[in-house]
Participant: 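Below is one structure. I have some questions about it.
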Amino acid sequence: MPLFKKKQQQELSLSDIVLPEHIGIIMDGNGRWAKKRGLPRSAGHTAGAQTFRKIARYCSDIGIKYLTVYAFSTENWRRPKEEIDALMRLFKDYLQEAIRDFKDDSIVLRFIGDRSAFSPELLSLMNENEEESCDRDGMVLNIAMNYGGRAELVTAIQSIAQQAADGVLKPEEISEALVSDNLYTKGQPDPDLIIRPSGENRTSNFLLWQSAYAEYVIMDVLWPDFTERDLDKALIEFAKRNRRFGGV
Ligand code: IPE
Ligand code: IPE
Ligand code: MG
């Protein structure tokens, strides 16, 4: 076999590549995973929550600075009550343990999305986790709960319009930077890589503004089956992409 071909086929490893600073993951495929096993959808969510713990820790271990995971969208309220109740219970269980769990990894927890829809109990757990972790210096983990990219933009537009109506801002002063500063991800870099397991080729309202130049990696594996090796594969695929940002 010609030498160059051999070289091309050699597996790259993480130590050879530049890692993205910010990864987004659309944690999709829990329901199909459960269905394949004849289990209720909630069993898929329980398995998916375990995968989330494993992958978040792995991202932190390999030095990712920001990880944003899509846990519940503004559209997911359309699901049957039983499934939503199971998801809310899972969030509660997770947040109760996250307070101690991520301490050793120095992970900073943030929640993005409209919190007003959650129970007071869940809300106080979210606040507690953010307060407890805000002084840590490790990976920032954004959990998108009741998050929708369109809703996020509407909230930003309302806030900017209010400032204009109050006379503290002129319409011509509205810039891309100002819009970014009015989003939940204020102060954070845009995602470089967005991974969508389960094979669906759509954004489903995830980080619409922030993903303008993100590289998408769609993978056929269902989220509960997603492993550290799948993340490695996505990182290596990302490293091969030629990002031009409109240039040449
Ligand atoms: C993602 O898995 C989890 C949430 C949206 C909460 P799904 O529940 O969407 O799984 P599929 O897409 O039906 O397989
Ligand atoms: C996106 O997945 C939301 C989350 C993973 C939390 P969905 O399963 O809700 O997306 P669609 O309905 O397939 O677009
Ligand atoms: Mg889905």
Side-chain angles (χ1 to χ4, degrees), residues 22-56 58-59 66-95 97-98 109-119 122-123 125-126 129 141-155 183-185 191 193-211 214-227 230-231 234:
H22 186 168
I23 300 177
I25 303 182
I26 301 174
M27 304 189 289
D28 197 18
N30 296 349
R32 275 163 284 173
W33 182 92
K35 195 173 175 201
K36 260 172 56 180
R37 287 163 179 74
L39 297 169
R41 293 179 61 85
S42 59
H45 296 312
T46 306
Q50 282 307 115
T51 303
F52 157 68
R53 287 171 174 87
K54 178 180 74 185
I55 297 299
Y58 183 62
C59 285
Y66 297 86
L67 171 67
T68 302
V69 292
Y70 205 4
F72 193 86
S73 76
T74 45
E75 289 73 37
N76 287 148
W77 298 107
R78 294 176 186 158
R79 296 188 177 201
K81 184 179 180 305
E82 201 182 88
E83 181 172 348
I84 291 175
D85 289 347
L87 280 165
M88 295 302 141
R89 272 197 303 278
L90 265 181
F91 291 149
K92 199 185 90 188
D93 292 348
Y94 171 67
L95 294 182
E97 77 179 45
L109 263 169
R110 302 275 315 271
F111 298 93
I112 64 171
D114 175 8
R115 303 179 188 207
S116 64
F118 295 118
S119 70
L122 208 49
L123 257 182
L125 278 168
M126 289 162 94
N129 266 290
L141 171 58
N142 298 308
I143 303 184
M145 278 168 59
N146 194 22
Y147 174 87
R150 287 187 168 188
E152 178 180 40
L153 281 165
V154 168
T155 307
L183 302 178
Y184 296 120
T185 47
L193 164 66
I194 295 183
I195 301 170
R196 182 155 193 171
S198 93
E200 304 293 0
N201 281 273
R202 52 179 171 265
T203 69
S204 298
N205 210 4
F206 186 50
L207 300 178
L208 293 185
W209 174 274
Q210 299 90 329
S211 67
E215 294 294 327
Y216 258 86
V217 173
I218 312 290
M219 304 179 82
D220 266 330
V221 56
L222 301 171
W223 177 246
D225 290 328
F226 195 92
T227 64
D230 291 314
L231 192 92

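Order of appearance sets the numbers: ligands from 1, and atoms from 1 within every ligand. FYI, the numbering just counts along the sequence from 1.
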Participant: With a 4.0 Å cut-off on heavy atoms, is Met27 in contact with ligand 2?
Facilitator: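 Met27 counts as a contact of ligand 2 under the 4.0 Å cut-off.
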Participant: Please give me the minimum heavy-atom distance between Thr51 and Phe226, naming the atom from each residue.
Facilitator: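 Reported closest heavy-atom pair: CG2-O, 3.4 Å.
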Participant: Closer than 2.8 Å to the Mg ion (ligand 3), which protein N, O or S atoms?
Facilitator: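 Near the Mg ion (ligand 3), below 2.8 Å, one finds Asp28 OD1.
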Participant: Any heavy-atom pair between the side chains of Asn205 and Ser73 that's under 4.5 Å?
Facilitator: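 Contact flag for Ser73/Asn205 side chains = no.
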Participant: So is Gly29 in contact with ligand 1, going by heavy-atom distances below 4.0 Å?
Facilitator: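 Within the 4.0 Å threshold, so yes.
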Participant: Could you go through the side-chain contact (heavy atoms from CB on, under 4.5 Å) check for Leu125 and Lys92 one step at a time?
Facilitator: CA-CA 8 Å; Leu125 278 168; Lys92 199 185 90 188; 3.7 Å; yes
Participant: For Gln210 and Thr185, work out which heavy atoms get closest and say how close.
Facilitator: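 Reported closest heavy-atom pair: NE2-OG1, 2.9 Å.
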Participant: Could an N or O of ligand 1 be found under 3.5 Å from any N or O of Asn30, whether backbone or side chain?
Facilitator: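 In this structure, Asn30 places an N or O atom under 3.5 Å from an N or O of ligand 1.
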Participant: Which heavy atom in Trp209 sits nearest to a heavy atom in Leu183, and how many Å separate them?
Facilitator: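 Closest approach of Trp209 to Leu183, heavy atoms only: CD1-CD1, 3.4 Å.
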Participant: Answer with side chain, backbone, both or neither: which part of Asn76 has a heavy atom less than 4.0 angstrom from an atom of ligand 1?
Facilitator: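 Only the side chain of Asn76 comes within reach of ligand 1.
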Participant: Please report whether ligand 2 has a polar contact with Asp28, defined as an N or O pair separated by less than 3.5 Å (distance criterion only).
Facilitator: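 Yes.
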Participant: Would you please classify the geometry between the Tyr94 ring and the Phe52 ring as parallel, tilted or perpendicular, with 30° and 60° separating the classes?
Facilitator: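 The rings of Phe52 and Tyr94 stand perpendicular, inter-plane angle above 60°.
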Participant: Provide, to 0.1 Å, the distance between atom 10 (O) of ligand 1 and the closest protein heavy atom, together with that atom's residue and name.
Facilitator: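 Result for atom 10 (O) of ligand 1: Gly31 N, 2.9 Å.
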Participant: Looking only at non-hydrogen atoms, which of Lys36, Arg32, Arg79 approaches atom 9 (O) of ligand 1 most closely?
Facilitator: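 Going through Lys36, Arg32, Arg79 one by one, Arg79 has the nearest heavy atom to atom 9 (O) of ligand 1.
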Participant: Could you check whether any side-chain N or O of Tyr70 sits under 3.5 Å from a backbone N or O of Tyr147, counting only pairs where one atom can act as donor and the other as acceptor?
Facilitator: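 Yes, Tyr70 side chain to Tyr147 backbone: donor-acceptor pair under 3.5 Å.
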Participant: With a heavy-atom distance limit of 4.0 Å, tell me whether Arg41 approaches ligand 1 through its side chain, its backbone, both, or neither.
Facilitator: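 Only the side chain of Arg41 comes within reach of ligand 1.
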Participant: Once you measure the plane-to-plane angle for Tyr66 and His22, does it fall in the parallel (<30°), tilted (30-60°) or perpendicular (>60°) bin?
Facilitator: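 Tilted.
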Participant: Can any side-chain N or O of Asn142 pair as donor or acceptor with the backbone N or O of Arg110 at less than 3.5 Å?
Facilitator: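 No; judged by distance alone, with no hydrogens or angles, the pair does not exist.
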Participant: Out of all atoms in ligand 2, which are within 4.0 Å of some heavy atom of Arg202? Include the element for each.
Facilitator: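 Numbered from 1, ligand 2 contributes 11 (P), 13 (O), 14 (O).
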Participant: Counting non-hydrogen protein atoms only, what is the nearest one to atom 2 (O) of ligand 2? Give residue, atom name and distance.
Facilitator: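 Of the protein heavy atoms, Arg196 NH2, 3.6 Å lies nearest.
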Participant: Search all heavy atoms of Pro191 against all heavy atoms of Leu207 and return the closest pair with its distance.
Facilitator: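 Shortest heavy-atom separation between Pro191 and Leu207 comes out as CG-CD1, 3.9 Å.
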Participant: Passes side-chain contact (heavy atoms from CB on, under 4.5 Å), Ser42 versus Arg89? Steps please.
Facilitator: CA-CA 10 Å; Ser42 59; Arg89 272 197 303 278; over 6 Å; no
Participant: Under 4.0 Å from a heavy atom of Ser204: give me the atoms of ligand 2 that qualify, with their elements.
Facilitator: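 Those qualifying, in numeric order: 1 (C), 10 (O), 11 (P), 14 (O).
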Participant: Over all heavy atoms of both residues, which pair between Val217 and Leu193 is shortest? Give the atoms and the distance, please.
Facilitator: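 Residues Val217 and Leu193, closest heavy atoms: CG2-CD1, 3.5 Å.
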Participant: I'd like to check which ligand 2 atoms, numbered from 1 as shown, lie under 4.0 Å from a non-hydrogen atom of Phe72.
Facilitator: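 Under 4.0 Å from Phe72, ligand 2 has these atoms: 6 (C).
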Participant: Tell me the contacting part of Ala71 for ligand 1: side chain, backbone, both, or neither, using a 4.0 Å heavy-atom threshold, strictly below.
Facilitator: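 Contact part for Ala71 vs ligand 1: backbone (N, CA, C, O).
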Participant: Distance below 4.0 Å between atom 12 (O) of ligand 2 and any protein heavy atom?
Facilitator: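 Within 4.0 Å: no protein heavy atom nearby.
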Participant: Looking at every heavy atom in both Asp28 and Ser198, which two are closest together, and how far apart are they?
Facilitator: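 Distance-wise, the nearest heavy atoms are OD2-OG, 3.1 Å.
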